Number of protein chains: 4
Amino acid sequence: MTIKKQKILDAALQLFATHGYDATPTSKIAKEAGVSEGLIFRHFESKEKLLVFIMDMGIEKSLELSRGVLSAENPKEILKGILELPFLIEEDIHFWKLHHALKLQSPEYTDRYKTFKDETLLEIFSKLGYKNPRSEAAFMGVFLEGLFVSILSKQEYDYEQLKQIIYSKYNLNE
Amino acid sequence: MTIKKQKILDAALQLFATHGYDATPTSKIAKEAGVSEGLIFRHFESKEKLLVFIMDMGIEKSLELSRGVLSAENPKEILKGILELPFLIEEDIHFWKLHHALKLQSPEYTDRYKTFKDETLLEIFSKLGYKNPRSEAAFMGVFLEGLFVSILSKQEYDYEQLKQIIYSKYNLNE
Amino acid sequence: MTIKKQKILDAALQLFATHGYDATPTSKIAKEAGVSEGLIFRHFESKEKLLVFIMDMGIEKSLELSRGVLSAENPKEILKGILELPFLIEEDIHFWKLHHALKLQSPEYTDRYKTFKDETLLEIFSKLGYKNPRSEAAFMGVFLEGLFVSILSKQEYDYEQLKQIIYSKYNLNE
Amino acid sequence: MTIKKQKILDAALQLFATHGYDATPTSKIAKEAGVSEGLIFRHFESKEKLLVFIMDMGIEKSLELSRGVLSAENPKEILKGILELPFLIEEDIHFWKLHHALKLQSPEYTDRYKTFKDETLLEIFSKLGYKNPRSEAAFMGVFLEGLFVSILSKQEYDYEQLKQIIYSKYNLNE
DNA sequence: CATGAATGAGATTTCATTCAT
DNA sequence: CATGAATGAAATCTCATTCAT
């Protein structure tokens with residue numbers, strides 16, 4: 001990976017996240033990256049493949065991070081870890097903004113992560129012995145989704161108290 | 001409102017929602033609406049003003065609907081009503097998809113609704129006598145946000161059970 | 001057919017014929033036609049479809065002309081007519097230059113005419129009662145091909161004498 | 001001549017012949033030759049000089065071949081030899097396809113061969129004692145041209161019979 | 001001799017917008 | 001009110017060529 005290729009990736013991610021994929025011309029990416037416009041196409045063939053590359057990389061990284069969190073032994077620890085995940089997006093905020101923007105209108109770019117998330121939650125609550133794990137997984141899925149969006153849109157909630165509500169619901173404080 | 005103007009609005013909303021504002025050319029709107037491209041500009045001046053028109057109309061309608069729900073006397077009834085709101089979007093699914101898509105990347109089009117929602121929730125939980133209404137409002141805000149997104153993205157959860165979790169949390173079943 | 005659309009066709013045919021399809025940018029066509037570059041694509045969608053349109057039109061016109069010549073009663077008159085065809089290309093010289101240029105490298109644009117020509121020659125010599133009509137058709141096909149190319153490349157031959165050689169071969173003089 | 005230089009020549013000739021000079025990017029030549037794009041320019045300076053090199057080489061080879069054929073003593077033998085020339089192009093089919101493609105639209109690359117051909121034919125028929133050698137040369141020129149094109153475009157004629165027609169015309173069977 | 005990253009000019013195409021009818 | 005021809009700016013993409021290694 002040459003420096004310039006990396007600069008293109010950085011610039012593209014930031015611009016796609018901030019203004020949207022369709023609203024971002026390759027000329028702007030090139031300028032932001034300090035690179036000729038042609039180089040984008042030498043490295044990525046097309047604007048869309050650049051997007052795919054960015055999404056694949058980001059999802060791969062996220063999956064790795066998530067798998068780390070989920071490798072804990074104690075199921076309650078895993079649940080605590082999952083609750084922390086939304087707060088770990090800060091450093092990848094651009095990726096997650098883009099991810100979120102694509103989710104509804106171009107789900108093909110984000111499906112891989114969605115599948116992983118759904119399956120993981122279901123597994124967790126099965127392991128925890130809930131009699132209706134599917135229902136609990138749904139609740140957590142919905143709540144986590146809302147948490148993600150709230151953090152992404154910089155809602156100024158008291159997130160510690162929010163977490164407490166979940167902690168007491170699942171007896172995570174003991 | 002002539003028939004053709006309405007057709008333009010319908011086509012634009014559907015296309016903006018499905019593919020995104022930037023990814024939708026006016027030519028496609030015109031074709032979908034069965035109308036000449038020029039007519040769009042005669043009625044709405046510019047593509048952006050067409051978007052603003054659509055968003056304003058949609059938000060107005062939503063506020064009206066919400067105000068209906070919120071006019072109930074009993075605060076618990078209001079809360080029940082709020083919980084139903086995410087399920088009422090089905091018929092305005094295009095508007096809400098678009099709303100959601102704009103929220104993060106072009107918040108200027110959606111701020112009016114957001115402000116309304118935040119203030120309303122806070123007021124409800126104050127009325128209900130919670131000692132920390134801001135915190136409960138945050139929880140419900142986050143949960144509702146997740147619920148919206150889940151419904152928008154056609155997640156096949158068992159939403160009745162989900163509601164029950166909230167119902168028991170706030171003793172809405174009595 | 002608006003005037004400008006016709007101007008585009010004229011300019012494109014002339015430039016494609018003179019410099020080749022690939023060597024002719026649409027910007028040059030637009031300038032030559034006195035038209036905005038975008039208009040080319042409004043009318044023809046793509047540069048290649050513009051080429052197809054030109055070729056189809058030209059072939060249609062040629063087939064019509066040819067059918068006129070071939071409608072004579074007397075088979076010898078028909079043969080005379082065929083021999084005149086290469087000399088009728090002067091007014092469509094641009095089309096035929098382009099036709100010739102595409103024949104070997106992009107035969108898909110010219111096949112329709114080729115098929116017509118082959119079948120017609122065979123039919124003629126069958127009607128004339130030659131015992132080996134296929135062979136005579138081949139000879140005339142080859143000779144006509146050479147004649148076309150020679151005229152296209154402005155070879156300064158004495159074409160009257162050339163015709164005489166064929167006339168005496170097939171006894172067309174009596 | 002290094003192996004790689006030769007590979008570039010082979011690939012370029014094949015691609016120029018098949019798709020045309022303008023339609024062939026240097027990147028494709030490089031890929032086809034299994035060579036870096038830069039190497040093309042190290043060896044040939046520019047794409048156009050590569051074309052010139054190819055054409056000059058090919059014409060030189062053709063002239064040599066032709067001179068062999070024409071060195072026969074008996075003028076009728078020479079004529080027979082000339083009639084065979086179109087059938088010798090099989091092994092240089094790519095060169096001749098390219099030659100043919102350039103003839104009308106970029107004659108500067110092919111003039112050398114044309115001049116040679118015209119002068120040679122005239123000389124032959126003068127030596128053979130025809131009273132109108134120019135006219136016979138024209139006829140043969142036209143016929144040969146047609147023969148070349150027919151063979152290049154893989155027309156499935158019975159070429160033996162075609163040759164016989166010429167053989168009897170010039171009493172070459174004696 | 002050879003590579004491959006990089007450029008910049010230009011090619012094709014798209015698209016919001018204008019305007020005469 | 002409505003059309004559709006036309007524009008011009010900008011978007012995506014291509015490609016011959018250069019250059020450091």
Side-chain angles (χ1 to χ4, degrees), chain A residues 1-5 7-8 22-30 33-50, chain B residues 1-5 7-8 21-31 33-50, chain C residues 1-5 7-8 22-30 33-50, chain D residues 1-5 7-8 21-31 33-50:
Chain A
M1 173 87 68
T2 62
I3 291 175
K4 297 214 169 184
K5 187 173 178 184
K7 291 239 175 182
I8 291 169
D22 290 296
T24 303
T26 52
S27 59
K28 234 183 178 180
I29 299 173
V35 140
S36 72
E37 207 173 343
L39 193 58
I40 295 173
F41 296 90
R42 282 229 129 222
H43 281 309
F44 302 99
E45 282 186 78
S46 72
K47 190 187 167 189
E48 214 214 326
K49 284 190 180 157
L50 168 58
Chain B
M1 173 88 66
T2 64
I3 290 176
K4 296 211 169 184
K5 188 172 180 183
K7 290 242 175 186
I8 291 170
Y21 170 76
D22 290 296
T24 302
T26 52
S27 60
K28 234 183 177 178
I29 300 172
K31 190 181 290 181
V35 139
S36 75
E37 213 174 337
L39 194 60
I40 295 173
F41 294 88
R42 163 160 281 278
H43 280 310
F44 301 98
E45 274 185 88
S46 75
K47 189 185 168 191
E48 214 213 327
K49 285 191 180 154
L50 168 59
Chain C
M1 173 88 67
T2 63
I3 290 175
K4 296 212 169 185
K5 187 173 179 185
K7 291 238 174 186
I8 291 170
D22 290 296
T24 302
T26 51
S27 59
K28 234 184 178 178
I29 299 172
V35 140
S36 73
E37 209 173 340
L39 193 58
I40 294 173
F41 295 89
R42 282 230 130 221
H43 280 309
F44 302 99
E45 280 187 81
S46 72
K47 191 187 166 189
E48 214 214 325
K49 284 191 181 156
L50 168 59
Chain D
M1 173 89 68
T2 64
I3 289 175
K4 296 211 169 183
K5 188 173 178 183
K7 290 240 175 185
I8 291 169
Y21 170 78
D22 289 296
T24 303
T26 52
S27 60
K28 234 184 178 178
I29 299 173
K31 189 180 288 178
V35 138
S36 75
E37 212 174 336
L39 194 58
I40 294 173
F41 294 87
R42 163 161 280 278
H43 281 309
F44 301 99
E45 277 186 85
S46 74
K47 191 187 169 190
E48 214 213 326
K49 285 190 181 156
L50 169 58

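A note on names: the letters A, B, ... follow the listed sequences, proteins ahead of strands, and every chain is numbered from 1. Fair warning: this is a prediction, and the values are worked out from it, not measured in the lab. Below, each value reflects all heavy atoms present in this structure, side chains not excepted, and no hydrogens, waters or symmetry copies.
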What is the distance, rounded to the nearest whole Å, between atom [atom1] of [X] and atom [atom2] of [N]?
{"X": "B:Ile3", "N": "F:dA2", "atom1": "CD1", "atom2": "P", "answer": "9 Å"}
{"X": "C:Ile40", "N": "E:dT13", "atom1": "CD1", "atom2": "P", "answer": "10 Å"}
{"X": "B:Lys47", "N": "E:dT14", "atom1": "NZ", "atom2": "C1'", "answer": "11 Å"}
{"X": "C:Glu37", "N": "E:dA11", "atom1": "CD", "atom2": "P", "answer": "8 Å"}
{"X": "C:Leu39", "N": "F:dA9", "atom1": "CG", "atom2": "P", "answer": "16 Å"}
{"X": "C:Phe44", "N": "E:dT12", "atom1": "CZ", "atom2": "P", "answer": "15 Å"}
{"X": "A:Lys49", "N": "F:dT12", "atom1": "NZ", "atom2": "C1'", "answer": "14 Å"}
{"X": "A:Asp22", "N": "F:dT12", "atom1": "CG", "atom2": "P", "answer": "9 Å"}

Problem set entry | Of C:Lys5 and A:Pro25, the one whose closest DNA chain F nucleotide lies more 5' | C:Lys5

Exercise. Where each residue is assigned the nucleotide of DNA chain F containing its nearest heavy atom, which of B:Thr2 and C:Gly34 is assigned the position nearer the 5′ end?
Worked result: B:Thr2

Exercise. What do the steps show when you test C:Ser27 against C:Glu37 for side-chain hydrogen bond (donor to acceptor under 3.5 Å, both in side chains), and what is the final call?
Worked result: CA-CA 6 Å; C:Ser27 59; C:Glu37 209 173 340; 4.8 Å; no

When you measure from the side chain of [X] to the backbone of [Y], do you find a donor-acceptor pair of N or O atoms at a distance under 3.5 Å?
{"X": "B:Tyr21", "Y": "A:Ala23", "answer": "no"}
{"X": "B:Lys47", "Y": "B:Pro25", "answer": "no"}
{"X": "D:Lys4", "Y": "D:Ala33", "answer": "no"}

For this session: Using the six-membered ring of C:Phe44, assess whether NZ or CZ of C:Lys5 lies under 6.0 Å from its centre and within 45 degrees of the ring axis.
Result: yes

For this session: Assign each of A:His43 and B:Glu48 to its nearest nucleotide of DNA chain E by heavy atoms, then name whichever residue's nucleotide is nearer the 5' end.
Result: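 Looking at DNA chain E, the more 5' nearest nucleotide goes with A:His43.
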
Exercise. Quick one: on DNA chain E, does D:Val35 or B:Tyr21 contact a more 5' nucleotide (nearest heavy atom)?
Worked result: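 Upstream on the strand: D:Val35.
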
Does [X] make a side-chain N or O approach to OP1 or OP2 of [N] shorter than 4.0 Å?
{"X": "C:Thr26", "N": "E:dT12", "result": "yes"}
{"X": "A:Lys4", "N": "E:dT7", "result": "yes"}
{"X": "A:Ser27", "N": "F:dA11", "result": "yes"}
{"X": "B:Arg42", "N": "F:dA2", "result": "no"}

Exercise. If pairing requires Watson-Crick or G-U wobble contacts with both distances under 3.5 Å, which nucleotide is the partner of E:dA16?
Worked result: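 Across all strands, the one nucleotide that pairs with E:dA16 is F:dT7.
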
Exercise. Taking any strand in view, what nucleotide pairs with F:dT14 in a Watson-Crick or G-U wobble way, both distances under 3.5 Å?
Worked result: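 Base-paired to E:dA9.
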
Exercise. Which nucleotide, F:dT12, F:dA16, E:dA16, lies nearest any side-chain atom of D:Phe41?
Worked result: F:dA16

Problem set entry | Given F:dG4, E:dA16, E:dT14, the nucleotide with the shortest approach to the side chain of B:Ser36 |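 Output: F:dG4.
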
